[in-house]
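These notes are about the structure you will find just below.
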Amino acid sequence: MNNPASADLDIEKELIGAARQGDRNAFGELVKIYYQGTINVVYRMCGDQSLAQEAAQEAFIRAWQQIDRYQPRFAFRSWVYRIALNAAIDQLRKDRPVEDIEKISLKDGRENPEAVVEKDEKVERVRGAVLNLPEAARAVLILREYEELSYTDIAAALNIPVGTVMSRLNYARSLLKKKLADDLEN
Amino acid sequence: MENHVKNWLGAYMDGELSGSRLETIERHLAGCPECREELEELQMLSILLHSVPAVEVQQSPARFAVQVKYQLPRTPARSPWARFWGFSWRAAPFILVGMWAFSQVVLIFSGLVTLGTSAIGQDFPVYDFLPGLMPLPYSFLDELGTILLDAGIFEGFGNFVFGSGFIQMIAANMLITTAAAVLLWSWLASWLAYSRSKLNHSVHEELTRA
């Protein structure tokens, strides 16, 4: 997870200021900092690696176009993630087929093929359960569980009240508990 | 029996609670097996969710950043306010010149009108002094001048006699022209300074481009 320390936040501020003036190199540095987190977020929203790559690129291009609208009182990461989530949703709505998740191979050092298959199936079920959540609940869950954003940062990222963050998280978790009840028992 | 706190367990697990709320939840959990079980399920769910690996990144952040940079439009889009101020700043000299021209028209016209009104009842050789007035009927000027004076417009020129009124008009004209010139020159100087700094910035960017 990318979480610049406070000293790095000053550098980030300078980069943002320069990017606002049209400095593409400065914006490139911001892209490098937030690339991993952004692509994780869009991947977990889309469930497809190539879609995620496209959505991540689109997200940063939009961020460049809208950087004048960024308000420094919010974390830059939250702002980028909001754009990324919208880009991911737009990609999904383009009616592209989601890559068959059975084809995604996972690196596993164990030699036992049955254990590997079982683990793959379990991961598929979990990934599928997350992808089947309503978009609003899915976005909140991803930002909390995988990016470990605080409720305040999630609220800023999605432009919703903190109370709504909490209720959507509760909703997402209750749906997942029902869907993954067997895996939870095991 | 105290109400269950299941709605708060997610926030508790995420470390979002503090103060009296946190104490209340912890106190409740100490005495409620049902809520403790619910909390354990949430924790198990979180572990399960983390079993899904992150995306395998196909390229390095640096390479991705280069790809993105090449697709970026030349300059970032500007907010509506920024666009408005940008347009206003560029339009400022035209507005200044327009306002100056308008003030000239007003001054000349007011001079003509009051000349027309002050000429009534006098043997004043207006024809000789201002031949341009020839096509304009006195009655029209008189009519218009009276209306405008009654409305309070051109009050300063209200009853002026030709000599002192003319000097007043010249003084007002000089003041307005000087002010417009100062503003225009200030705008020009700031525009030159801005252009120079932008040029220096572009050169620096090109020299340091990876």
Side-chain angles (χ1 to χ4, degrees), chain A residues 19-36 39-40 42-44 49-50 52-53 56-57 60-61 63-69 104-107 119 122-124 126-127 129-130 141 144-146 148 150-152 162 165-167 169-170 173 176-177 180 183-184, chain B residues 6-17 38-83 86 197-198 201-202 204-210:
Chain A
R20 282 178 131 166
Q21 300 299 319
D23 187 341
R24 288 194 279 180
N25 285 340
F27 187 75
E29 293 302 314
L30 289 169
V31 170
K32 281 189 220 169
I33 293 170
Y34 292 108
Y35 168 58
Q36 186 67 58
I39 201 155
N40 279 338
V42 294
Y43 174 66
R44 295 190 194 277
Q49 204 159 352
S50 61
Q53 198 74 16
Q57 272 197 6
F60 282 113
I61 291 169
W64 167 257
Q65 289 172 326
Q66 298 168 23
I67 198 153
D68 230 26
R69 296 180 211 169
I104 297 171
S105 65
L106 300 167
K107 291 176 184 170
K119 184 184 172 186
K122 188 162 115 177
V123 167
E124 281 174 28
V126 175
R127 200 199 312 261
V130 171
L141 183 91
R144 177 56 226 155
E145 288 287 350
Y146 296 110
E148 295 178 11
S150 68
Y151 285 19
T152 310
V162 172
V165 171
M166 209 169 103
S167 62
L169 257 179
N170 285 345
R173 282 165 170 161
L176 288 172
K177 268 176 23 180
L180 301 170
D183 291 299
L184 283 169
Chain B
K6 291 181 183 178
N7 286 340
W8 292 99
L9 293 178
Y12 173 75
M13 182 181 73
D14 294 333
E16 290 284 334
L17 302 181
E38 176 76 17
L39 179 63
E40 276 174 28
E41 284 179 7
L42 286 175
Q43 288 165 340
M44 292 301 300
L45 175 65
S46 186
I47 292 169
L48 191 59
L49 289 171
H50 282 88
S51 68
V52 178
V55 62
E56 260 186 57
V57 175
Q58 303 290 337
Q59 54 191 352
S60 68
R63 198 179 178 89
F64 179 81
V66 167
Q67 277 186 350
V68 168
K69 273 200 301 182
Y70 277 117
Q71 295 183 58
L72 296 178
R74 188 129 183 93
T75 51
R78 300 162 79 188
S79 67
W81 271 119
R83 281 200 299 269
S197 77
K198 206 170 174 187
H201 186 76
S202 300
H204 177 73
E205 194 183 324
E206 287 298 324
L207 288 174
T208 57
R209 187 185 293 274

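Order of the sequence lines fixes the chain letters, A, B, ..., with proteins taken first and strands second; residue numbering starts at 1 for each chain.
A:L30 does not touch chain B: none of its heavy atoms, backbone or side chain, sits under 4.5 Å away. Residue contact with chain B, scored on non-hydrogen atoms closer than 4.5 Å, involves the side chain of A:F27 exclusively. Contacts between A:A26 and chain B at a heavy-atom distance below 4.5 Å are absent for every atom of the residue.
Here the CG-OH distance, from B:L49 to A:Y146, works out to 4.5 Å after rounding to the nearest 0.5 Å. Atom CD1 of A:I61 is separated from atom CD of B:Q71 by 4.0 Å, given to the nearest 0.5 angstrom. The distance from the CG atom of B:D14 to the CG atom of A:L169 is 6.0 Å, given to the nearest 0.5 Å. With rounding to the nearest 0.5 Å, the separation of CZ in A:R144 from CE in B:M13 is 7.5 Å. In this structure, CG in A:N170 is found 8.0 Å from CG in B:L42, a value given to the nearest 0.5 Å. From A:W64, atom CH2 reaches atom NZ of B:K69 across 10.0 Å, with rounding to the nearest 0.5 Å.
Here the side chains of B:F64 and A:Q53 are in contact, with some heavy-atom distance below 4.5 Å.
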Before you tell me yes or no, could you show the steps for B:E38 and A:K177 under side-chain contact (heavy atoms from CB on, under 4.5 Å), namely the whole-Å CA-CA distance, both residues' side-chain angles and the distance that decides it to 0.1 Å? CA-CA 10 Å; B:E38 176 76 17; A:K177 268 176 23 180; 2.5 Å; yes
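Looking at every heavy atom in both residues, B:L45 comes nearest to A:R173 through CD2-O, 3.6 Å. Between B:A11 and A:M166, the closest heavy-atom pair is CB-SD, 4.0 Å. Summarising the geometry of B:A65 relative to A:G28, their closest heavy-atom pair is CB-O, 3.6 Å, with the distance given to 0.1 Å. Residues A:V123 and B:P53 approach most closely at CG1-CD, 3.9 Å, considering heavy atoms. Between A:E145 and B:S46, the closest heavy-atom pair is OE1-OG, 2.8 Å. Shown here for B:V52 and A:V126, the closest heavy-atom pair between the two residues is CG2-CG1, 3.4 Å.
Remark: side-chain polar atoms of A:Y35 are not paired, donor with acceptor, to backbone N or O of B:A62 under 3.5 angstrom.
Across B:E16, B:E41, B:Q67, B:K6, the residue that shares the most heavy-atom pairs under 4.5 angstrom with chain A is B:E16.
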